[in-house]
Amino acid sequence: FEPKVDLDRADIIDCALGAAASEAWGSNDIGKLVYLEAASADANYQAIADATEINGFIVSVEPFTVNDGFKFGSIQRNGRVWVVNADAGALAVGDYVQGAAQTVAVGTAGKSKVKKATGATLEALNFKWRVIRLATNGAVGTEVLIERV
């Protein structure tokens, strides 16, 4: 499997990005995971955080702002993307994942981190993403390819 997408089926939307207008979103963020923060007044897509549901990944960030200074870009809400395992154990093909605590800041190059979602956490997810390929062995710190199912 590769992170290729049949563009006829790509679900790409335009949106405002960030928890604050001061966040420096840019081309280094392409491929990073995001979630919709519906609880905030702005309802922007934000960088994935610990125990958050994955809503998609960034495919573009434009050089202008909207909504009083927030960056503007596009996210893909399906497809495949490479991420890093931040769970306590190895991930396997078929495991479902959610956001994990991130160590790569917005505007900095790097991949988003995920962890395994099971039980009630998995049941509560509206958007399910699962591991479909391991770059090496799925151990903590290694890359895995995930897709929306």
Side-chain angles (χ1 to χ4, degrees), residues 1 3 5 9-62 65-135 138-149:
F1 294 113
V5 175
R9 298 183 186 177
D11 182 8
I12 298 172
I13 62 166
D14 297 332
C15 59
L17 300 169
S22 60
E23 288 184 347
W25 293 83
S27 60
N28 282 336
D29 298 304
I30 292 173
K32 289 184 183 176
L33 301 175
V34 293
Y35 75 103
L36 178 61
E37 180 50 77
S40 77
D42 299 307
N44 294 344
Y45 283 87
Q46 298 180 18
I48 203 78
D50 192 36
T52 55
E53 180 170 61
I54 301 166
N55 291 133
F57 58 94
I58 296 181
V59 291
S60 73
V61 179
E62 302 303 323
T65 61
V66 296
N67 303 343
D68 298 322
F70 286 91
K71 288 300 263 185
F72 182 76
S74 298
I75 66 162
Q76 185 165 330
R77 298 187 297 183
N78 63 5
R80 298 173 176 165
V81 64
W82 286 99
V83 295
V84 174
N85 176 15
D87 207 338
L91 289 173
V93 171
D95 284 345
Y96 288 89
V97 295
Q98 64 181 332
Q102 302 301 302
T103 55
V104 177
V106 168
T108 305
K111 297 193 182 309
S112 294
K113 294 185 175 186
V114 297
K115 64 182 181 181
K116 191 172 184 178
T118 60
T121 301
L122 176 59
E123 293 300 318
L125 296 177
N126 294 311
F127 305 96
K128 292 181 172 58
W129 292 73
R130 72 174 172 190
V131 176
I132 63 165
R133 184 175 181 193
L134 308 175
V140 176
T142 63
E143 291 185 27
V144 297
L145 184 64
I146 62 172
E147 76 174 353
R148 170 122 179 250
V149 293

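FYI, side chains are in, hydrogens and waters are out, and symmetry mates aren't considered; it's all heavy atoms of this structure. Start at 1 with the first residue, then count along the sequence.
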Which atom of [X] lies closest to which atom of [Y], heavy atoms considered:
| X | Y | result |
| --- | --- | --- |
| Ala109 | Val104 | O-CG1, 3.5 Å |
| Gly18 | Asn44 | O-ND2, 3.1 Å |
| Asp29 | Ile58 | O-CB, 3.6 Å |
| Glu53 | Tyr35 | O-CB, 3.0 Å |
| Lys71 | Trp25 | CE-O, 3.2 Å |
| Gln102 | Lys111 | OE1-O, 4.4 Å |

**Asked** Does the distance from a Lys or Arg side-chain N to an Asp or Glu carboxylate O, for Asp50 and Lys113, drop under 4.0 Å?
**Response**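 Here Asp50 does not pair with Lys113 in a salt bridge, since their nearest N and O are not under 4.0 Å apart.
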**Asked** Hey, are Lys116 and Asp87 close enough for a salt bridge, meaning a charged N less than 4.0 Å from a carboxylate O?
**Response**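 Looking at Lys116 and Asp87, the cut-off is not met.
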What I'd like to find out is whether the side chain of [X] reaches to under 4.5 Å of the side chain of [Y], using heavy atoms alone.
| X | Y | result |
| --- | --- | --- |
| Leu33 | Trp129 | no |
| Tyr96 | Thr121 | no |
| Leu145 | Trp82 | yes |
| Ile54 | Ile146 | yes |
| Leu122 | Lys128 | yes |

How many angstroms lie between [atom1] in [X] and [atom2] in [Y], if you round to the nearest 0.5 Å?
| X | Y | atom1 | atom2 | result |
| --- | --- | --- | --- | --- |
| Gln76 | Ser60 | CD | OG | 10.5 Å |
| Thr118 | Asp95 | OG1 | CG | 9.0 Å |
| Ile12 | Arg77 | CD1 | CZ | 10.5 Å |
| Thr65 | Leu17 | OG1 | CG | 11.5 Å |

**Asked** Can Val97 and Val131 be said to form a side-chain contact (heavy atoms from CB on, under 4.5 Å), step by step?
**Response** CA-CA 7 Å; Val97 295; Val131 176; 3.9 Å; yes
**Request:** Take Ile48 and Val83 through the side-chain contact (heavy atoms from CB on, under 4.5 Å) test and state the conclusion after the steps.
**Result:** CA-CA 12 Å; Ile48 203 78; Val83 295; over 6 Å; no
**Message:** Donor-acceptor pair, distance only, cut-off 3.5 Å: does the side chain of Asn55 make one with the backbone of Val34?
**Reply:**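 Side chain of Asn55 to backbone of Val34: no pair is present.
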**Prompt:** Checking Asp11 side chain against Asn78 main chain: does a donor-acceptor pair fall under 3.5 Å?
**Reply:**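 No; judged by distance alone, with no hydrogens or angles, the pair does not exist.
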